[in-house]
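Encoded as structure tokens, the structure appears first; notes follow it.
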Amino acid sequence: DGGITQSPKYLFRKEGQNVTLSCEQNLNHDAMYWYRQDPGQGLRLIYYSQIVNDFQKGDIAEGYSVSREKKESFPLTVTSAQKNPTAFYLCASSIGFGVSEQFFGPGTRLTVL
Amino acid sequence: KNEVEQSPQNLTAQEGEFITINCSYSVGISALHWLQQHPGGGIVSLFMLSSGKKKHGRLIATINIQEKHSSLHITASHPRDSAVYICAVRFQETSGSRLTFGEGTQLTVNP
């Protein structure tokens, strides 16, 4: 089955620790995205990657970092610089950056204690 | 400012009712998406529209480009339709496939 996987589903970390969220896709998509979802707000774009070895900041990139060393993988690191990291994080992909239909992963709920 | 607004924020219906969720946007778009998010958090794409109307089963999506407005209709609603419905648009002036999302409409269908 083709799709996007995110792990883990729930993640707990102590304040001040960096944490990396996994996102893997086997759809052979070039573009990948990371979103943050908070209660009562629409999804907000953190980072996106149009193609392997490339990525750009989205609307709320401060306190986050990404890498895109492989086409199928786009991990997101939430650093200690992120002021309010507790949120639901969604990864998505699309065939190419010019195609707006995106496929979403199941999400990771991060709680920082 | 490029904005997407959905209404209502919350909607409760009885099984069998006809449901309408609305989405308005501020400037010209190249595509509009309706997404469904289930309680577990996963999101699935329901429709992608640039004009007219699309139908899939009991779901119908329409868009009026001149009025900058789209509606999602659910006929003969069922408790399994309970979810958050999200409108997302690709503005014409936005590069690539970047989407702007509405806040979502929480739909609860009671048996």
Side-chain angles (χ1 to χ4, degrees), chain A residues 1-11 21 23 27 29-51 54-61 87-111, chain B residues 1-11 21-26 28-51 54 56 61 63 70 83-106:
Chain A
D1 282 334
I4 301 176
T5 57
Q6 292 185 244
S7 61
K9 180 70 173 174
Y10 299 95
L11 189 55
L21 280 58
C23 176
L27 300 168
H29 285 176
D30 281 325
M32 297 186 74
Y33 313 82
W34 272 107
Y35 295 98
R36 171 181 172 136
Q37 188 178 36
D38 295 284
Q41 296 191 41
L43 274 69
R44 292 182 290 168
L45 182 64
I46 304 172
Y47 267 98
Y48 64 98
S49 168
Q50 298 183 46
I51 200 164
D54 169 82
F55 51 83
Q56 278 88 39
K57 293 180 180 180
D59 300 320
I60 55 165
F88 188 59
Y89 291 88
L90 284 153
C91 178
S93 70
S94 62
I95 291 175
F97 191 58
V99 177
S100 63
E101 184 175 18
Q102 296 180 15
F103 295 80
F104 289 83
T108 293
R109 187 166 300 279
L110 172 65
T111 302
Chain B
K1 185 179 178 184
N2 295 349
E3 292 182 332
V4 179
E5 292 189 0
Q6 286 185 237
S7 63
Q9 285 189 328
N10 293 283
L11 181 56
I21 299 170
N22 298 297
C23 176
S24 298
Y25 48 91
S26 52
I29 64 170
S30 55
L32 182 143
H33 299 259
W34 281 104
L35 311 169
Q36 182 189 54
Q37 184 173 31
H38 278 282
I43 293 176
V44 295
S45 178
L46 298 175
F47 296 103
M48 181 171 66
L49 296 162
S50 56
S51 64
K54 287 190 176 180
H56 186 259
I63 188 167
S70 175
V84 176
Y85 292 84
I86 299 170
C87 173
V89 305
R90 176 182 172 184
F91 289 108
Q92 286 175 343
E93 62 191 45
T94 302
S95 64
S97 55
R98 289 187 62 162
L99 298 175
T100 301
F101 295 81
E103 294 180 6
T105 295
Q106 173 71 62

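Every chain is numbered from 1 and lettered A, B, ... according to where its sequence line falls, protein lines coming before strand lines. Quick note: numbers below take in every heavy atom, side chains included, and nothing from hydrogens, waters or symmetry partners.
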Salt bridge (Lys or Arg N to Asp or Glu O under 4.0 Å) partners for B:R98, two or more places apart: A:D59
Euclidean distance, A:Q102 CD relative to B:M48 CE, rounded to 0.5 Å: 11.0 Å
Residues that B:E5 engages under side chain to side chain contact (heavy atoms under 4.5 Å, CB included), provided they are two or more places apart: B:E3
Closest approach of A:K9 to B:G40 (non-hydrogen atoms, all atoms of both residues): NZ-O, 2.7 Å
Of all the residues in residues 29-38 of chain A, which have a heavy atom that comes within less than 4.5 Å of a heavy atom in chain B? A:Y33, A:Y35, A:Q37
Which heavy atom of B:F101 sits nearest to which heavy atom of A:L43, and what is that distance? CD1-O, 3.5 Å
Please identify each residue that fulfils side chain to side chain contact (heavy atoms under 4.5 Å, CB included) with B:Q92, with sequence neighbours left out. B:S30
Would you mind checking which part of A:E101 comes under 4.5 Å of any heavy atom in chain B, side chain (CB onward), backbone (N, CA, C, O), both or neither? both
Select one option (side chain, backbone, both, neither) describing which atoms of B:I43 are under 4.5 Å from chain A's heavy atoms. both
Heavy-atom contact with chain A under 4.5 Å, split by part of B:Q6: neither
Chain A shares the most heavy-atom pairs under 4.5 Å, among B:E103, B:H38, B:Q9, with B:E103
